[in-house]
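Structure record follows, encoded as structure tokens.
If you read the sequence from its start, that first residue is 1, and numbering goes on from there. Only heavy atoms go into these numbers, but all of them, side chains included; no hydrogens, no water, no symmetry mates. Order of appearance sets the numbers: ligands from 1, and atoms from 1 within every ligand.
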Amino acid sequence: MTSRPQVRRRPVAQARDGFTYAEYLCLPRLLDAQRPQAVPAMHDELMFIVTHQAYELWFRLLLHELTAARDAMLAGEAERPWALLARCHTVERLMLAQMDVLDTLPPASFAEFRSALAGASGFQSVQFREIEFLSGWPDRRYLSAGLPAQERDRLQRRLDEPTLWDGFLTVLTAAGHDVSDPERRAGVLAELARARGDRRGLWRLAEALLDHDQSWSLWRCRHALLVERQIGVKAGTGGSTGASFLRSRRDRRFYPDLWEVRSRL
Ligand code: HEM
């Protein structure tokens, strides 16, 4: 009987010159980045930090995908930006579901470590603001919010760049539509909404933008509810009136034209 040659497998993680999973993902740095501040230590603070960090990672990915979608539209493409926006929409659904984790935080427990945040607030999230600028709300007022120079430069760059909406108008123009003024634009959008066949692709792209807009509104509503659930009517650590301030911003939309066209159909 012939015996089979014994194949000795090297662990997959070390297949490339000892390059490991932990190195690829920079895990030592990543897992060393959770620094609870409360004294004495509070069990729930780690969850609070991890969920916020997870959001920042999703924001990082969204910026990558939305920028690529914008650039593809500026190049006159419609198919690839649609696929990229579909990915963003999937991430945004996860971001919405992720709020449930914070609902497991008992408000009395949050009240015990909240002072450890001092003046830190999600309001200062530069990536969140970059997404809003890129999507279509370039608001210069955030530049004067006392940000460190590096963060202010990032926001300034986003303000100087075209938005996703600029990209979409480029695609429409490249397809032969006149979108030079609001009335013509509204007419074009209504025509696309009723389109069949080949022109359907442009409406599909418009709907992908609306999905992004809707997801962002849903996140804002969900976040405002979370805030009310955690701190009631108390002021925010960032200095705002808290839940009422957030509620006042809930109805802001990236693409009012895409919402308004519904009334014309
Ligand atoms: C217990 C959980 C949370 C509480 C109590 C809370 C509270 C608040 C409050 C009161 C504000 C208004 C600004 C201020 O005065 O501080 C705010 C803004 C904000 N928070 Fe939260 N937050 C929570 C969780 C989160 C999470 C998980 C994120 C994800 C990154 C987040 C991101 C933001 C952002 C981006 C803003 C600015 C919103 C805008 O300008 O429209 N927050 N938060």
Got a salt bridge between Arg157 and Asp160, using NZ or NE/NH1/NH2 to carboxylate O under 4.0 Å?
no

Less than 4.5 Å apart, any side-chain heavy atom of Glu130 and any of Leu134?
no

Would you say the side chain of Ile131 lies within less than 4.5 Å of the side chain of Phe59, judging by non-hydrogen atoms?
yes

So the salt bridge (charged side-chain N to carboxylate O under 4.0 Å, His left out) pairs with at least one residue in residues 205-215 (sequence neighbours excluded) are Glu207-Arg262

Determine the sole option in Val179, Leu74, Leu202 for which the side-chain contact (heavy atoms from CB on, under 4.5 Å) test with Val171 is passed.
Leu202

Please output the residues near ligand 1 using a strict heavy-atom distance under 4.0 Å, listed in chain and residue-number order.
Phe48, His52, Tyr55, Phe59, Leu102, Phe110, Ser121, Gly122, Phe123, Phe128, Arg129, Trp219, Arg220, His223, Leu226, Val227, Gln230, Gly236, Thr237, Gly238, Gly239, Ser240, Gly242, Phe245, Leu246, Arg249

Quick one: is the NZ or CZ of Arg129 closer than 6.0 Å to the six-membered ring centre of Phe123, and within 45° of its axis?
yes

